[in-house]
Amino acid sequence: MVYHILVGSYTDTIVTLAFDAEKGTLEQIGATKAGNRPSWLASYPGDDTLIHAALEGEDGQVAVFRYDREKAEGTVVAQKSTGGQAPCALWVTKDEIFASNYLPGALAVLPIMPEQPYFVDPSPEVIPFKGVGPNKERQEQSHAHYAVKIPEYDEVLVADLGADKIWRLKKEDNQYVIRGEIPFAAGAGPRHFAVYEGVLYTICELSDVVTAHRLPLLPKDAELLDSIPLASPPNLPAELLIPPPNASFPTPYIYVSDRNDPSPEGDLISILEPIDASKKWKLVAQVRSGLNHLRGLVFGGPDDKYLIAGGQNGGGVKVFERVDGGKGLKEIVAKADVELPTHFLWV
């Protein structure tokens, strides 16, 4: 089976790679000019030919393009401002895009549709956040870094690296309003998160720890259960993923990319067990990636068997295979000449 994988980057181009799992090859077969720094990619639910890219420049934009599998490239069909700067992550539902504006620390909500004109309203709804932290270089103001709509909670969670909080938003009278917050240790810098079985797992970029919170429905507050440090001295974790359990991988292990490790063997991919009812969990393994400034991780293939990872500052792109039920990773293939990779999308 040959898989197409789109690569977001800090260039102006989204590269298409072809991964042949049987042959163990990874080749560039196409490219799409997308705009300034298409660093985050997301497809429309149920249609992997309709792609959204966050253009992480000073003039924050979301670009929409149609992907042609035969040509292995896309055509930009729409573009819209996020009402801020440096949108660093997107979450796409059937009728809304949630764009996290790193500057000036705000969430942009863009109503969308799956056909022309793609964007419904002329301007996004922008929800600003206010907060600071003790790290004067990174926490001089709020920095929205990641937002996810959680259907079972009927709310949107937004990680604010600058304010050491995750904000809890509800939609009321057709607008999103802040209805709660989850505080983190001063200087922690929450970046990305995932919710699994009522527990919120968060990577804290500035302290290099993973936290677990019990997350009840509003108006109840979240409860900190435990935290696990990833490296000493601290690195800069970037991504946290919990692929859904399946027949091949029944345990929902947590995978974290950790940037800027001083080892010549490259940055770490940490694998953790989920926390149990007795509040016990542990760091299972750490895999040296051979990548420098390891940022994006995305699972794909049958039963999410494969993991693609990229080194923004060196090492290119690699595909790993999950082994030992997900407790380990084995490198399958690498492509060193992919420039400044930041995120991926299997299509």
Side-chain angles (χ1 to χ4, degrees), residues 2-19 26-102 107-124 146-149 239 295-300 308 310 312 317 335 337-347:
V2 177
Y3 302 95
H4 286 198
I5 305 171
L6 305 183
V7 184
S9 69
Y10 269 177
T11 68
D12 63 354
T13 301
I14 297 170
V15 168
T16 304
L17 301 179
F19 168 51
L26 188 65
E27 300 177 349
Q28 180 174 334
I29 57 172
T32 302
K33 291 291 185 180
N36 186 19
R37 306 211 302 183
S39 65
W40 189 277
L41 307 176
S43 59
Y44 186 81
D47 184 357
D48 62 6
T49 71
L50 182 57
I51 312 299
H52 300 79
L55 304 184
E56 196 181 337
E58 292 185 1
D59 178 21
Q61 301 279 326
V62 174
V64 183
F65 66 97
R66 282 286 180 185
Y67 181 69
D68 186 322
R69 186 174 178 85
E70 291 186 1
K71 296 180 180 179
E73 62 184 33
T75 301
V76 176
V77 293
Q79 191 165 315
K80 182 68 68 174
S81 170
T82 63
Q85 300 176 27
C88 51
L90 300 178
W91 190 263
V92 180
T93 71
K94 287 191 173 182
D95 54 9
E96 292 173 315
I97 293 177
F98 300 91
S100 299
N101 286 321
Y102 189 79
L107 177 68
V109 185
L110 296 84
I112 58 171
M113 58 196 304
E115 61 274 329
Q116 288 284 1
Y118 298 104
F119 295 103
V120 176
D121 291 339
S123 58
Y146 188 60
V148 176
K149 187 169 188 178
E239 184 60 280
R295 181 167 163 173
L297 302 175
V298 179
F299 284 96
I308 189 165
Q312 182 181 314
V317 169
K335 184 170 178 56
D337 59 350
V338 180
E339 187 178 4
L340 302 175
T342 57
H343 196 235
F344 305 96
L345 186 64
W346 296 70
V347 292

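- The pair R295-E239 does not count as a salt bridge, with every side-chain nitrogen at least 4.0 angstrom from each carboxylate oxygen.
- Shown here for A89 and Y146, the closest heavy-atom pair between the two residues is CB-CD1, 3.8 Å.
- Judged by distance alone, with hydrogens and angles left aside, the side-chain atoms of Y118 form no donor-acceptor pair with the main-chain N or O of V77 at under 3.5 Å.
- Put simply, OG1 on T82 and CD1 on I97 are 10.5 Å apart, with the number rounded to the nearest 0.5 Å.
- Once rounded to the nearest 0.5 Å, the distance linking OG of S100 with CG of L107 reads 6.0 Å.
- The pair D47-R66 meets the salt-bridge criterion, since a charged nitrogen lies less than 4.0 angstrom from a carboxylate oxygen.
- Here the closest non-hydrogen pair linking A54 and P87 is CB-O, 3.5 Å.
- A parallel orientation is assigned to the rings of F19 and Y3, their planes being inclined by less than 30° (bins at 30° and 60°).
- The two residues A63 and A34 come nearest to each other via the heavy atoms CB-O, 4.0 Å.
- Within the 3.5 Å criterion, the main-chain N or O of G296 finds no donor-acceptor partner in the side chain of H343.
- Minimum heavy-atom separation, A78 to P117: CB-O, 4.1 Å.
- For the pair I14 and I51, the minimum side-chain heavy-atom distance is 4.5 Å or more.
- Here the side chains of K335 and E27 are not in contact, with every heavy-atom distance at 4.5 Å or above.
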Decide side chain to side chain contact (heavy atoms under 4.5 Å, CB included) for V347 and S43; before the verdict, give the C-alpha distance in whole Å, the side-chain angles of both, and the deciding distance to 0.1 Å.
CA-CA 8 Å; V347 292; S43 59; 5.6 Å; no
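- The structure places OH of Y44 at 8.5 Å from CE of M113, a figure rounded to the nearest 0.5 Å.
- Using a 4.5 Å heavy-atom threshold, the side chains of L55 and V62 count as separate.
- W40 places no side-chain N or O within donor-acceptor distance of the main-chain N or O of C88, the cut-off being under 3.5 Å.
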Give the C-alpha distance, both sets of side-chain angles, the deciding distance and a yes or no for side chain to side chain contact (heavy atoms under 4.5 Å, CB included) between V317 and L17.
CA-CA 10 Å; V317 169; L17 301 179; 4.1 Å; yes
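- For the atom pair D48 CG and H4 NE2, the distance stands at 11.0 Å (nearest 0.5 Å).
- Counting only residues at least two apart or in different chains, salt bridge (charged side-chain N to carboxylate O under 4.0 Å, His left out) contacts with residues 33-45 comprise D12-K33.
- Side-chain atoms of Y10 and E339 form no donor-acceptor pair, as typed in the model, at a separation below 3.5 Å.
- The backbone N or O of G74 lies less than 3.5 Å from a partner atom in the side chain of T32, making a donor-acceptor pair.
- Annotation: side chain of L6 is in contact with side chain of Y67 (closest heavy-atom distance under 4.5 Å).
- The number of heavy atoms from other shown groups lying within 6.0 Å of CD (E58) does not exceed 12.
- A heavy-atom distance below 4.5 Å is found between the side chains of V64 and F119.
- Two residues are said to be in side-chain contact when any heavy atoms from C-beta on lie closer than 4.5 Å; I308 and W346 meet this criterion.
- A pairwise comparison of heavy atoms in G83 and N101 identifies C-ND2, 4.0 Å as the closest pair.
- Nearest heavy atom pair, residue T93 against residue F98, reads CG2-CE1, 4.1 Å.
- Side chains of P124 and V109 form no contact here, defined as non-hydrogen atoms less than 4.5 Å apart.
- Listed for the T342 side chain is a donor-acceptor partner under 3.5 Å among the backbone atoms of S9.
- Within the 3.5 Å criterion, the main-chain N or O of A72 finds a donor-acceptor partner in the side chain of T16.
- Between I112 and K94 there is no side-chain heavy-atom pair separated by less than 4.5 Å.
- Proximity of a side-chain donor or acceptor of T13 to a complementary backbone N or O of V15 within less than 3.5 Å is not detected.
- Annotation: the span from L110 atom CG to S123 atom OG amounts to 9.0 Å, rounded to 0.5 Å.
- Using modelled atom types, one side-chain atom of D68 and one backbone atom of K71 make a donor-acceptor pair closer than 3.5 Å.
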